[in-house]
Number of protein chains: 2
Amino acid sequence: MRVLDWLGRRWTLRVLWELRAGALPFRALRERCDAVSPTVLNERLRELRAVGVIALRAGGGYDLTAEGRALGALLAPLNVWAERWARRATHGRRIPRSER
Amino acid sequence: MRVLDWLGRRWTLRVLWELRAGALPFRALRERCDAVSPTVLNERLRELRAVGVIALRAGGGYDLTAEGRALGALLAPLNVWAERWARRATHGRRIPRSER
DNA sequence: CCATACGCTACGGATTACGTAGCACGAGGA
DNA sequence: TCCTCGTGCTACGTAATCCGTAGCGTATGG
């Protein structure tokens, strides 16, 4: 599963997630990603463009492509899981014996 | 979206993916993950245990918990997307003007 | 007693990411 | 014309992370 490998590189998922709501220019995208180093951000953006999930619009700003939106939509369930998990983590959560 | 951040750390997604079919002992899991360094693997396994998505069974071997399986199920669509993408990448693929 | 398999650690070198500063280009205003 | 502002992007020294190999401690079976 090679795609999970490059999805698992730092900031890749995050960039896809931050672009889900619409296009963002380089600097704004950088701020959203905890002010990640522009070196790495540019590296990821190049990879994502090479794969074809994002595109640099004429006039500036990065945006998801059609395939990018398809991929990004698959991230939403992960977010749902995460929020449910966070809710269980805050109030006490029961861990079955078999899962320790 | 903090969860996407630690999911985006190296080998995290991969470990979840390799455990989807069932439990694996440390060394076998390591081999499946391109013989990743045991140092890092152990670090990820500790994180995944702390979050509660995997568990070390009595008698050896790592396995997904109930929540782990729920999370792992969300990875399958990513795989589907990946395979479809790979198929489009091999034979010629058309890129719309707006996406270059 | 030895072989095997288990999870896991140590450590030095290689790789990757960070943080700050700044470049090149273009659009718009004084 | 010159100045600002915003755009994507790069350079480079430092810090964090990861890798690769070797081996430890325990347990189980022959």
Side-chain angles (χ1 to χ4, degrees), chain A residues 1-19 21-65 68 95 97-100, chain B residues 1-19 21-65 68 95 97-100:
Chain A
M1 182 13 67
R2 285 286 165 259
V3 170
L4 282 192
D5 287 350
W6 78 254
L7 275 182
R9 299 189 61 176
R10 205 164 185 186
W11 301 116
T12 309
L13 281 173
R14 179 69 172 267
V15 165
L16 287 176
W17 180 255
E18 295 298 342
L19 287 179
L24 283 175
F26 188 93
R27 284 175 161 89
L29 181 54
R30 174 172 133 80
E31 290 309 313
R32 295 253 192 149
C33 295
D34 300 341
V36 56
S37 156
T39 316
V40 188
L41 178 57
N42 183 41
E43 190 178 330
R44 293 296 170 273
L45 290 174
R46 261 188 283 115
E47 295 167 359
L48 288 164
R49 267 183 294 175
V51 171
V53 296
I54 70 173
L56 178 55
R57 305 182 309 174
Y62 282 95
D63 203 355
L64 293 178
T65 65
I95 305 179
R97 277 188 183 284
S98 62
E99 296 182 1
R100 318 213 75 158
Chain B
M1 182 15 66
R2 282 288 167 257
V3 170
L4 282 192
D5 287 349
W6 77 256
L7 274 182
R9 298 188 62 176
R10 205 163 185 189
W11 303 116
T12 309
L13 281 174
R14 179 69 172 266
V15 166
L16 287 176
W17 181 254
E18 295 297 342
L19 287 179
L24 283 176
F26 188 93
R27 284 176 161 88
L29 181 56
R30 174 173 132 81
E31 290 310 313
R32 296 251 192 153
C33 294
D34 300 341
V36 55
S37 157
T39 316
V40 189
L41 178 57
N42 183 41
E43 190 177 330
R44 293 296 170 274
L45 290 174
R46 260 189 282 116
E47 296 167 358
L48 288 165
R49 267 182 294 176
V51 171
V53 295
I54 70 173
L56 178 54
R57 305 182 309 172
Y62 281 95
D63 204 354
L64 293 177
T65 65
I95 305 179
R97 276 188 184 284
S98 60
E99 295 182 0
R100 322 209 76 158

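Since the model is a prediction, treat every value here as computed from it, not as a measurement. By convention in this document, chain letters (A, B, ...) are assigned in the order of the sequence lines, proteins followed by strands, and residues within each chain are numbered from 1.
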How close do B:Cys33 and B:Val15 get, heavy atom to heavy atom, and via which atoms?
->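 Nearest pair, atom of B:Cys33 first, then B:Val15: SG-CG2, 4.2 Å.
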Go through A:Leu45 and A:Leu29 one step at a time and tell me if the side chain to side chain contact (heavy atoms under 4.5 Å, CB included) criterion holds.
-> CA-CA 11 Å; A:Leu45 290 174; A:Leu29 181 54; 3.9 Å; yes
Start with the C-alpha gap between B:Trp11 and B:Leu41, add the side-chain angles, then the distance that decides, and say whether side chain to side chain contact (heavy atoms under 4.5 Å, CB included) holds.
-> CA-CA 8 Å; B:Trp11 303 116; B:Leu41 178 57; 5.9 Å; no
Atom-pair distance ([atom1] on [X]; [atom2] on [N]), nearest Å:
X       : N      : atom1 : atom2 : answer
A:Arg57 : D:dG6  : CZ    : C1'   : 14 Å
A:Asn42 : D:dG8  : CG    : P     : 11 Å
A:Leu41 : C:dG19 : CG    : C1'   : 14 Å
B:Leu56 : C:dG7  : CG    : C1'   : 7 Å
A:Phe26 : D:dG6  : CZ    : C1'   : 13 Å
B:Leu29 : C:dC8  : CG    : C1'   : 13 Å
A:Glu31 : D:dG6  : CD    : P     : 13 Å
A:Arg14 : C:dC18 : CZ    : P     : 11 Å

Give the nucleotide from the list C:dT9, D:dT10, C:dC8 with an atom nearest to the side chain of B:Arg46.
->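 The closest nucleotide is C:dT9.
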N-O pairing of B:Glu47 and B:Arg44 below 4.0 Å |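 B:Arg44 and B:Glu47: salt-bridged.
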Give a yes or no answer on whether the side chain of A:Arg49 reaches the backbone of A:Ala55 with a donor-acceptor pair at less than 3.5 Å.
->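 Here the side-chain-to-backbone pair does not exist.
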Backbone N/O of B:Gly52 and side chain of B:Thr65: donor-acceptor pair under 3.5 Å |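 Yes, the answer is positive, given that a donor and an acceptor are paired below the 3.5 Å cut-off.
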Pick base, sugar-phosphate or nothing for A:Gly59, based on heavy-atom distances below 4.0 Å to the nucleic acid.
->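 The answer is nothing, as A:Gly59 stays clear of every strand by at least 4.0 Å.
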Enumerate all atom pairs, one protein N or O and one N or O from nucleotides 18-23 of chain D, separated by less than 3.5 Å.
residue	atom	partner	partner atom	Å
D:dC18	OP1	B:Arg44	NH2	2.4
D:dC18	OP2	B:Arg44	NH2	3.2
D:dC19	OP1	B:Trp11	NE1	3.0
D:dC19	OP2	B:Trp11	NE1	3.2
D:dG20	N7	B:Ser37	OG	3.4
D:dG20	O6	B:Thr39	OG1	3.2

